[in-house]
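Here the structure comes first, spelled out in structure tokens, and everything after it is commentary.
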Amino acid sequence: MSMHAPWMTLRAMTQDQSVKNASLKPGTIKRIFKFAKPYQKQILFFILTVVIDAVLVIATPLLFARLIDKGVLLQNGKLVTSLALVIAALALLESAVSLIGRYLSSQVGEGLIYDLRSQVFDHVQRQSIAFFTRTQTGALISRINSDVMGAQQAFTSTLSGVVSNGLSVVLVLGAMFFLSWKITVISLVLVPLFLIPSRWIGKKIQGLARDAMSGNADMGATMNERFNVSGALLVMLYGSYDKESKTFRKKARRVADIGIKMAFLNRLFFVGLMTVASIATAITYGVGGQFVISKNISVGTLLALSALLARLYGPLTALANVRVDVMTALVSFERVFEVLDLEPMVRDGRNPKVLPTTSPKIIFDKVAFTYPRAEEISLASLESAAKSEAIGSGEVLKEISFTVEPGQMVALVGPSGAGKTTIISLLPRLFDVSSGSISVNGIDVRDLKLDSLRHAIGSVMQDPHLFHDTIDENLKYAKPDATAGEIEAACRAAQIWDLILSLPNGVDTMVGERGYRLSGGEKARLAIARLLLKNPQIVLLDEATAHLDSENEALVQSAIREVLKDRTSLVIAHRLSTIISADQILVVEEGKIAQRGTHEQLISAGGLYSELYARQFTS
């Protein structure tokens with residue numbers, strides 16, 4: 001068989017047959033060719049190597065026939081030597097063509113994978129935060145990995161298989177009919193006897209392949225949950241090692257059993273293919289031998305027919321399922337395009353403006369907000385990413401209006417779920433308002449360049465995120481070109497430098513996954529140092545001192561005072577003692593501003609703030 005036939009034969013028989021009935025969106029084929037355009041030269045040369053390989057499939061048997069008939073039987077030693085050298089040269093040529101073809105296909109395939117993955121990654125990064133709250137991470141990773149790999153096969157294994165198998169079948173059958181149409185017809189009788197059971201095997205393998213993918217995904221989910229810091233800690237404190245091991249072994253055993261069945265069926269498929277080919281060869285020799293005896297064909301012709309027959313069954317079987325191969329690759333492309341076509345809910349408007357570097361003044365004017373529905377932000381095909389919900393979120397913010405003057409600190413307080421975090425999320429456009437407006441220096445944030453707006457904003461959340469990298473790299477995320485002196489100054493201001501110096505590796509210390517090697521207070525101070533390196537005009541703090549002990553809270557508070565100095569800021573506080581000096585305090589309740597004023601004014605007025613303050617200080 002040719003270099004593509006065995007693999008393409010098995011893959012064709014085991015692909016999901018239902019995909020052949022899938023309908024593609026208009027324009028999909030055109031878009032696919034656009035992706036392939038940068039590689040059109042490589043694709044053309046790759047197809048050329050496939051064509052040469054297919055021609056070589058029939059060349060060698062025909063030369064063997066001539067070598068036997070005109071050389072060996074006629075005792076023409078010179079011709080035997082010449083043809084043997086030609087056959088050896090063709091073998092070398094076939095090897096060279098195979099290597100060149102593999103190199104070209106890898107260039108095309110890996111190039112397409114790089115292009116598609118890069119585009120999907122860049123596009124997904126620009127989705128709104130609402131997209132990530134709905135979409136399963138595993139489904140996204142699948143698009144970047146599995147579907148992209150499936151898509152690139154359209155121009156590698158699928159393209160080469162279709163061209164190679166199609167050309168091989170035409171050339172082999174043509175050569176066989178030319179040599180002896182009677183023997184060819186007799187040899188083809190066994191084809192249906194092979195195709196029927198091979199389709200049954202293919203369907204069995206399809207089902208097992210789906211079960212294997214499901215089992216592997218289940219195992220992966222278990223390992224993902226147990227092998228991160230939080231999961232491992234939970235197992236240590238609450239779980240049973242034996243129970244966890246037993247659960248995992250059960251899942252792993254199921255995958256192993258499926259693997260054994262698939263291995264057996266794969267071997268059965270190849271054994272069946274080889275058996276049918278061997279029987280067909282035996283028939284060819286039996287019938288052809290009689291023809292040789294009766295002088296109807298030569299010995300060389302008989303040997304050539306048997307050799308050609310061995311090269312026929314694989315490509316013929318693969319072509320019977322060619323539509324499945326093609327549609328599988330095209331559907332993978334379409335699934336990738338589906339992600340690329342999902343427009344981010346939050347994006348730059350037409351002719352966006354750059355935020356001036358002057359001290360910012362922030363105005364919330366009658367802002368209302370309702371969380372977007374699942375179908376507005378994600379894709380139904382991303383597993384459970386866009387399941388319909390019976391009840392929407394409703395209006396979570398209503399008529400929110402306030403002003404933050406340049407350099408002022410405005411604090412947001414209120415019970416959990418009142419809408420405080422949602423309010424500050426609207427300023428950097430993590431979400432867009434449903435109605436009303438938010439302006440900075442008189443410019444609606446929706447009219448500003450996103451990069452310009454977000455560059456001017458720094459934030460520290462209740463649980464700051466740190467990447468699994470060194471302290472130095474985590475700090476430089478805010479300013480990649482930060483000098484050692486700038487890093488030290490920011491860390492000193494954030495009250496974290498002395499701790500860093502006490503570590504054996506200093507700023508080169510790995511912080512661990514999500515910064516778990518550091519305490520909550522240390523993570524908060526590192527996040528503040530990162531913010532200071534960014535040096536933003538606007539600061540957003542979301543309960544940065546929550547859940548800290550007294551010593552850490554004092555250190556973080558000292559760092560926060562440095563951060564807020566001469567900056568416009570919005571601060572969410574659980575501990576009211578931390579925002580007593582705020583220029584304005586907004587009391588948020590059920591998505592509305594229930595009270596506003598300074599600490600003294602709100603204490604005098606009574607109401608929710610006074611109750612919260614009294615409750616904290618009484619306790």
Side-chain angles (χ1 to χ4, degrees), residues 1-12 41-72 79-109 155-180 183-184 187-188 191 270 273-274 277-278 280-281 284 288 297-319 322 325:
M1 295 184 193
S2 75
M3 62 181 177
H4 307 285
W7 158 245
M8 286 299 296
T9 301
L10 180 61
R11 194 165 71 88
K41 287 184 180 178
Q42 291 96 322
I43 291 173
L44 287 173
F45 281 113
F46 172 54
I47 292 174
L48 180 61
T49 64
V50 172
V51 171
I52 293 171
D53 180 69
V55 171
L56 292 176
V57 165
I58 68 163
T60 303
L62 294 177
L63 286 172
F64 269 125
R66 184 170 178 80
L67 185 149
I68 297 295
D69 291 339
K70 303 298 182 181
V72 175
L79 181 62
V80 169
T81 302
S82 300
L83 289 175
L85 290 173
V86 170
I87 291 170
L90 288 179
L92 292 174
L93 177 61
E94 186 172 8
S95 298
V97 168
S98 176
L99 289 172
I100 294 170
R102 185 68 189 92
Y103 176 73
L104 292 170
S105 70
S106 64
Q107 273 196 325
V108 175
F155 291 100
T156 53
S157 56
T158 299
L159 178 64
S160 66
V162 170
V163 175
S164 175
N165 291 325
L167 197 57
S168 293
V169 167
V170 171
L171 292 175
V172 169
L173 282 176
M176 289 181 70
F177 272 102
F178 173 76
L179 293 173
S180 174
I183 295 177
T184 302
S187 301
L188 292 177
V191 171
F270 277 111
L273 178 60
M274 294 301 104
S278 298
T281 302
T284 300
I297 62 172
S298 67
V299 175
T301 299
L302 175 60
L303 293 175
L305 282 167
S306 63
L308 289 168
L309 188 62
R311 290 161 166 79
L312 178 65
Y313 277 90
L316 201 60
T317 306
L319 284 177
V322 67
D325 288 325

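Predicted model, so just to flag it, every value in this text is computed and none were measured.
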Open item on the list: To check you understand the geometry: which heavy-atom pair defines the closest contact between Leu167 and Ala54, and what is its length?
Closed with: CD2-CB, 3.8 Å

Task: Working for side chain to side chain contact (heavy atoms under 4.5 Å, CB included), residues Val86 and Leu63 - done: CA-CA 8 Å; Val86 170; Leu63 286 172; 3.8 Å; yes

Open item on the list: Could you check whether any side-chain N or O of Arg311 sits under 3.5 Å from a backbone N or O of Ala307, counting only pairs where one atom can act as donor and the other as acceptor?
Closed with: yes

Open item on the list: Could you walk me through whether Val299 and Val72 satisfy the side chain to side chain contact (heavy atoms under 4.5 Å, CB included) test, starting with their C-alpha distance in whole Å, then the side-chain angles of each, then the deciding distance to 0.1 Å, before giving a yes or no?
Closed with: CA-CA 10 Å; Val299 175; Val72 175; over 6 Å; no

Task: Pair Val108-Leu104, side chain to side chain contact (heavy atoms under 4.5 Å, CB included): steps then yes or no - done: CA-CA 6 Å; Val108 175; Leu104 292 170; 5.6 Å; no

Task: Donor + acceptor pair across side chains of Thr284, Ser306 (<3.5 Å) - done: no

TODO: Measure the shortest side-chain to side-chain distance between Val57 and Leu171 over non-hydrogen atoms and say whether it is less than 4.5 angstrom.
DONE: no

Task: Rounded distance (nearest 0.5 Å) linking atom OG of Ser164 with atom CD1 of Ile47 - done: 12.0 Å

Task: Atom pair OG/CG of Ser168 and Leu56 - distance to nearest 0.5 Å - done: 10.0 Å

- [ ] Mind checking the CD1-OG spacing from Ile43 to Ser105? Nearest 0.5 Å is all I need.
- [x] 11.0 Å

TODO: Nearest 0.5 Å please: distance from the CG atom of Leu62 over to the CD1 atom of Ile87.
DONE: 10.5 Å

- [ ] Could you tell me which non-hydrogen atom of Pro315 sits nearest to which non-hydrogen atom of Val169, and how far apart they are?
- [x] CB-CG2, 3.7 Å

Task: Interatomic spacing from CD1 in Ile297 to CG in Leu305 - rounded to 0.5 Å - done: 6.0 Å

Open item on the list: Testing the basics here: between Leu309 and Ser187, what is the closest heavy-atom pair and its distance to 0.1 Å?
Closed with: CD1-CB, 3.6 Å

Task: Enclosure of Phe178 CZ (heavy-atom neighbours >12, cutoff 6.0 Å) - done: no

TODO: Dump the intermediate steps for side chain to side chain contact (heavy atoms under 4.5 Å, CB included) on Met176 and Val172, then the final yes or no.
DONE: CA-CA 6 Å; Met176 289 181 70; Val172 169; 3.8 Å; yes

TODO: Please say which of Leu308, Leu302, Thr184 ends up in a side chain to side chain contact (heavy atoms under 4.5 Å, CB included) with Leu179.
DONE: Leu308

